[in-house]
Amino acid sequence: MSAAQLAIDGGVPVRSRAYPSWPVFGEREELALATALRSGAWGIGGRSIPEFERAWATFQGAKHAVAVASGTAALELCLWAAGVELGDEVILPAYTFVATATAVMARGAVPVFADVDPDTLLIDSRSAESSVTERTRGIVAVHVAGCPADLDALRAVARRHRLALVEDAAQAHGAAWRGRRVGAIGDVGSFSFQATKNLNCGEGGAVVTDDAGLAEAVWSLHNVGRRRQGGEPILGGNARMTEFQAALLLAQLERLPEQMERRHRNAGYLRKRLAAIPGIRPASADARVTEHAWHLFMFRYDADAFGGLPRADFIRALQAEGIPCTPGYAPLHRSIPLQEEVARVLHSLGRARIPTEAHAPAHLPAAEQAGRDAVWLFQYMLLGDEADMEDVAEAVSKIGRARVGGT
Ligand SMILES: *Cc1c(COP(=O)(O)O)cnc(C)c1O
């Protein structure tokens with residue numbers, strides 16, 4: 001058995017230590033939760049909820065924030081407050097988490113998939129614009145991996161066609177486009193504080209906006225239609241956050257700036273090391289991205305440079321070397337349950353099919369390709385040190401050497 005033998009073939013793995021564990025917490029969080037408990041105000045009316053809303057609005061550079069139950073609820077509330085209604089079309093990237101589409105469908109609207117930019121894997125504004133019809137009501141810009149989408153181009157498209165621009169910033173805590181943090185650069189934006197996200201309280205979300213009217217609408221809609229200033233209620237749902245979630249978020253938020261810095265430093269190093277390996281191409285960021293949140297580190301894998309080793313086998317080999325990784329999203333236009341639901345909605349609306357050809361794979365070549373060749377690493381790995389990044393590069397190189405020979 002030589003050192004060069006892959007772990008998956010019985011060799012010694014590059015790495016046997018775990019990457020930093022997630023979440024990161026300590027006495028600060030224990031105290032926050034105990035204080036929330038003893039206050040007896042566990043739901044709306046507790047002190048931490050408005051305090052977190054102010055802190056989060058300030059952190060993202062938005063005028064208003066409303067804390068809610070989840071990222072999915074936050075996105076649905078954005079669309080609801082922006083006036084998305086039954087039968088409207090909403091454009092979103094095909095390469096995103098399924099919740100982006102289900103939030104649209106929860107409003108009775110029809111998701112229309114746009115392609116992504118092949119280098120950034122983020123929504124392509126030209127593809128989005130070509131999907132606009134007279135029924136289009138909004139565009140959802142998803143900052144996948146924590147990298148801001150081209151908000152200048154998307155704002156221009158939204159303005160030209162009088163559409164709402166919603167930011168799905170579920171992965172983009174602290175990310176910035178041309179020096180401004182994301183969320184409220186479009187009309188309204190959503191965040192997730194689900195357990196795997198870069199700011200986490202188990203489950204949770206927030207809506208941010210600079211528009212006072214939208215903020216009031218979101219607040220009412222998330223609190224069964226009650227009016228913050230009193231008065232006749234409107235029709236709403238329940239997407240309230242608890243005091244425990246807000247207390248935990250306030251404590252976790254104190255850790256975020258240092259974690260962001262660490263992820264930034266490590267991702268920069270890892271990007272350089274991986275880009276130098278033939279057949280590996282890290283996703284790029286637009287030059288106008290001034291802060292990347294690094295929820296994910298995404299790279300493209302070219303099997304040809306690894307002796308034809310299929311991506312699934314590359315991923316298994318990399319995992320066996322001690323490097324956590326996954327293949328990431330399958331593009332949403334390929335999801336059969338989603339397609340069936342879209343067909344049901346269209347049928348109930350008396351429409352034969354989507355009026356654009358946006359669901360045809362030929363129109364979404366970059367999303368298709370990303371679904372085939374992307375590999376993802378996770379944010380918590382970027383909380384390690386340079387040696388932890390070096391192990392990723394070494395494991396990838398080792399697989400390359402084993403499959404194509406050389407050193
Ligand atoms: C996590 C995520 C969501 C949903 O957030 P939840 O808090 O899990 O409901 C939505 N969109 C994207 C892009 C996400 O990554």
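Because only heavy atoms are used, hydrogens play no part in the values below, and waters and symmetry mates are left out as well, while side chains stay in. Read the numbers this way: they start at 1 and go in the same order the structure lists the ligands and their atoms.
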Among all protein heavy atoms in this structure, tell me which lies nearest to [atom], with the distance rounded to 0.1 Å.
atom                    : result
atom 9 (O) of ligand 1  : Thr72 OG1, 2.5 Å
atom 15 (O) of ligand 1 : Gln171 NE2, 2.8 Å
atom 2 (C) of ligand 1  : Lys197 NZ, 2.6 Å

ask   = Are Glu394 and Ser397 linked by a side-chain donor-acceptor pair shorter than 3.5 Å?
value =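 On atom types as modelled, these side chains do not qualify, holding no pair under 3.5 Å.
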
key: Polar side chain donor-acceptor pair, Ser70 to Glu203, under 3.5 angstrom   =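 There is no such pair between these side chains.
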
Proximal atoms of ligand 1 relative to [X] (non-hydrogen, under 4.0 Å):
X      : value
Val142 : 13 (C)
Thr100 : 11 (N)
Ala170 : 2 (C), 3 (C), 10 (C), 11 (N), 12 (C), 14 (C), 15 (O)

query = Is there at least one pair of N or O atoms, one from Gly71 and one from ligand 1, spaced under 3.5 Å apart?
reply =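 For ligand 1, there is an N or O atom that lies under 3.5 Å from one belonging to Gly71.
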
inquiry  = Is there a polar contact, in the sense of an N or O pair closer than 3.5 Å, between Gln194 and ligand 1?
reply    =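 N/O-N/O distance under 3.5 Å: no.
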
ask   = Where's the contact between Asp168 and ligand 1, heavy-atom distance under 4.0 Å: side chain, backbone, both or neither?
value =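 Contact part for Asp168 vs ligand 1: side chain (C-beta onward).
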
key: Under-4.0 Å heavy-atom contact with ligand 1, by part of Val144 that carries it   =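 Contact part for Val144 vs ligand 1: neither.
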
query = Can the positive tip of Arg107 be found less than 6.0 Å from the middle of the six-membered ring of Trp80, inside 45° of the ring normal?
reply =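 Yes, a cation-pi geometry holds between Arg107 and Trp80.
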
key: Arg181 NZ/CZ over Phe59 ring centroid, <6.0 Å and within 45° of normal   =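 Because its charged atom sits under 6.0 Å from the ring centre and within 45° of the axis, Arg181 does stack over Phe59.
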
key: Check against side-chain contact (heavy atoms from CB on, under 4.5 Å), Leu270 and Leu377   = CA-CA 11 Å; Leu270 183 59; Leu377 308 172; 3.7 Å; yes

query = Where is the tightest heavy-atom contact between Ile277 and Ala393, given as atom of each residue plus distance?
reply =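 Heavy atoms only, the tightest pair is CD1-O, 3.7 Å.
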
ask   = Measuring from Phe113:CZ to Tyr95:OH, what's the distance to the nearest 0.5 Å?
value =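 Result: 14.5 Å between the selected atoms.
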
ask   = Do the rings of Phe299 and Phe314 sit parallel, tilted or perpendicular, given the 30° and 60° boundaries?
value =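 The rings of Phe299 and Phe314 stand perpendicular, inter-plane angle above 60°.
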
query = Among the heavy atoms of His295, does any lie under 4.0 Å from an atom of ligand 1?
reply =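 Not so, His295 does not reach ligand 1.
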
